[in-house]
Asker: 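To start, I am sharing the structure in question, which I have written as structure tokens.
Side chains are part of it too, since the values below use all heavy atoms of this structure and drop only hydrogens, waters and symmetry mates.
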Amino acid sequence: MTLLPIRSNRHTSRYFLWLGMILCVCMLVLLSACSSASSDSAADQHTQHQQPSPAASSTASQTDTTSGHRMSHGDMSSMAAPEGSSSTTPDQVTTDPQIVNGKEVTLTAQASNLEVEKGKYVPVWTFNNSVPGPQIQVTEGDTVTVHLKNKLDVPVTIHFHGVVLPNAMDGVPGVTQDAVQPGKTFTYTFQALHAGTYWYHSHQDSLNQIGRGLYGTFVVHPKKTQTDDLDRTFVLAEWNDPHTHPADTAENTTALNSNMGAYNLYTINGRSGNRIDPLYVNTGQQVRLRFVNAGNMTHLLYLPLSSYQIVSTDGEDIYKPQKLSNGLLRIAPGERYDLVFTAIDQGITTIGAVGDSDFARSMRLPVVVSAQGQKPNVQQVNEEVSRQQQHLTTTDVSGWQVLDLMTYGQPSASTFTLNQNYDRQYDLKLSMGVSNGKMAYTINDEAYADLKALTVRTGDTVKITLSAPSGNEDHPMHLHGHVFQVLSRNGKTATGSPVWKDTLNVRPGETYEIAVRANNPGNWMLHCHELHHASMGMMIDFNYEDFQSPYQPDQSIDNISE
């Protein structure tokens, strides 16, 4: 495993001045626009991702997919201001997320209020009155039926992020379906072909709707029995609460500037700080922790464990992962990582976000290992966590190793190579600039409305080069309906386990080459899952030339795909 540098969270005053000027220009341009507009081998594993023929598996068709949907690109009116928290206990309060074991599930989109901190209630939109929504658990090969009932006063959809399914079930309004109107129901049916950790979320006006809480997790267990004694999922997210006023410190100022001043509450499973439930583990248990990033910020987690393995990313197993200790895990928006360890050392350990701000310190998970029946109480746990965090500053962990998937695990049979011939090749440069007079996040210097789709035919091998030659922001690029193999980074071939992903974080100055087989016909999307970027243009269609869909968008419905 390679030692990667940690990018400092401390920036110079010149940087802040530059960032502030850029943000001011962006806001002015956007507001002006608004007003004028009113596990045998990797090769064996991935044959399972092939979908049945279009006729058998999809009811969704080649039309002008941009005619029935739009983005909120440059439209600040679609980015509703948060309502703000309250200390008064509301009539409707969320319940704890439930685990739903079964092949048929009903998810009801409804409004509620989430107690993110003790006595602080934030208005939210939920699935089944919880944030996250219920965890749907199925077994590999199951046919899954999800009934979406909309009790909100806005349209919604569900996208099953990372799940390879028929195009008609992808949940992108205006591309595969019309957004589900208030009071209406839509049913998603698909086969869960591949075991792993996934999540679901609304894809209608997703920057707003995910930001308000419309997401949950989806776990597909393998047919073979897993050996984990304890299996838990932790969803990372951020919130913008105008009624939260953090202490005026240099660390908090740095943190706010690094996320455009948008987020001042960080949560795990909808809770922040001392409201986060400790994970209690008995000595000797094998534990699987599934981490999902449902937010818009990349988080660097410290993992002060004496021995652990990262066994999966984006639902894809890592071949023969090495044991690690006291390491760091960078998880970008849309990504998932599974961590496995055996509880040996008794005591309290804190897994948390690297950073010296109050926001970072509030995103921490206490892991309590004790003999059965001897666990400490919550107050003792929180006191120990506070003590540990004073010794887990950015400086303290600066020498810890960051997981590098390009060198982690052992090599095995690979589906794609750099030197093979590909049927299609595309180069995509990710950046920020001006498109049609508006500030935009661009691909090849153009925003979505002006971008020509990536086109393929069924059976094609496709190589895509993703690069972020300038800027200072991460771009976690998510491809719908497929998984892809990561071949190289900055010209260096991957040397560890074959890396398969559906969401790849392209950091400033990085260039990746990825390969995908076109084996799931449809009209799909490739977009940045930092959803501010997607809503401002960083998305492109990935369409099959030999695919036709009977779906015709209803022009009277306001389909907002991002």
Asker: Got a list of side-chain donor-acceptor pairs under 3.5 Å for residues 303-311, not counting sequence neighbours?
Answerer:
| unit_1 | atom_1 | unit_2 | atom_2 | d |
| --- | --- | --- | --- | --- |
| Ser306 | OG | Asp345 | OD2 | 3.0 |
| Tyr308 | OH | Gly327 | N | 3.3 |
| Gln309 | NE2 | Pro321 | O | 2.8 |

Asker: Of the options Arg507, His533, His532, which is the one that meets Glu473 in a side chain to side chain donor-acceptor pair (under 3.5 Å)?
Answerer: His533

Asker: What I want to find out is whether Glu545 reaches Arg424 closely enough, with some N-O distance under 4.0 Å, to be called a salt bridge.
Answerer: yes

Asker: Show your reasoning for whether side-chain hydrogen bond (donor to acceptor under 3.5 Å, both in side chains) applies to Thr342 and Gln285.
Answerer: CA-CA 6 Å; Thr342 299; Gln285 286 187 314; over 6 Å; no

Asker: Considering non-hydrogen atoms only, spot the tightest contact between Trp199 and Asn293 and give its length.
Answerer: CZ2-O, 4.0 Å

Asker: Which heavy atom in Thr313 sits nearest to a heavy atom in Lys501, and how many Å separate them?
Answerer: OG1-NZ, 2.9 Å

Asker: Would you please classify the geometry between the His475 ring and the Tyr441 ring as parallel, tilted or perpendicular, with 30° and 60° separating the classes?
Answerer: perpendicular

Asker: With under 30° as parallel and over 60° as perpendicular, where do the rings of His478 and His161 fit, or are they tilted in between?
Answerer: parallel

Asker: Look at the rings of Phe218 and Phe190 and say which category their plane angle falls in: under 30° parallel, 30 to 60° tilted, over 60° perpendicular.
Answerer: perpendicular

Asker: Would you say the side-chain atoms of Ser414 pair up with the backbone N or O of Phe416, donor to acceptor, closer than 3.5 Å?
Answerer: yes

Asker: Give the C-alpha distance, both sets of side-chain angles, the deciding distance and a yes or no for ring pair (Phe, Tyr, Trp, His ring centres under 6.0 Å) between His527 and His203.
Answerer: CA-CA 12 Å; His527 66 94; His203 220 288; 5.4 Å; yes

Asker: Not counting sequence neighbours, which residues clear side-chain hydrogen bond (donor to acceptor under 3.5 Å, both in side chains) with Tyr215? List them please.
Answerer: none

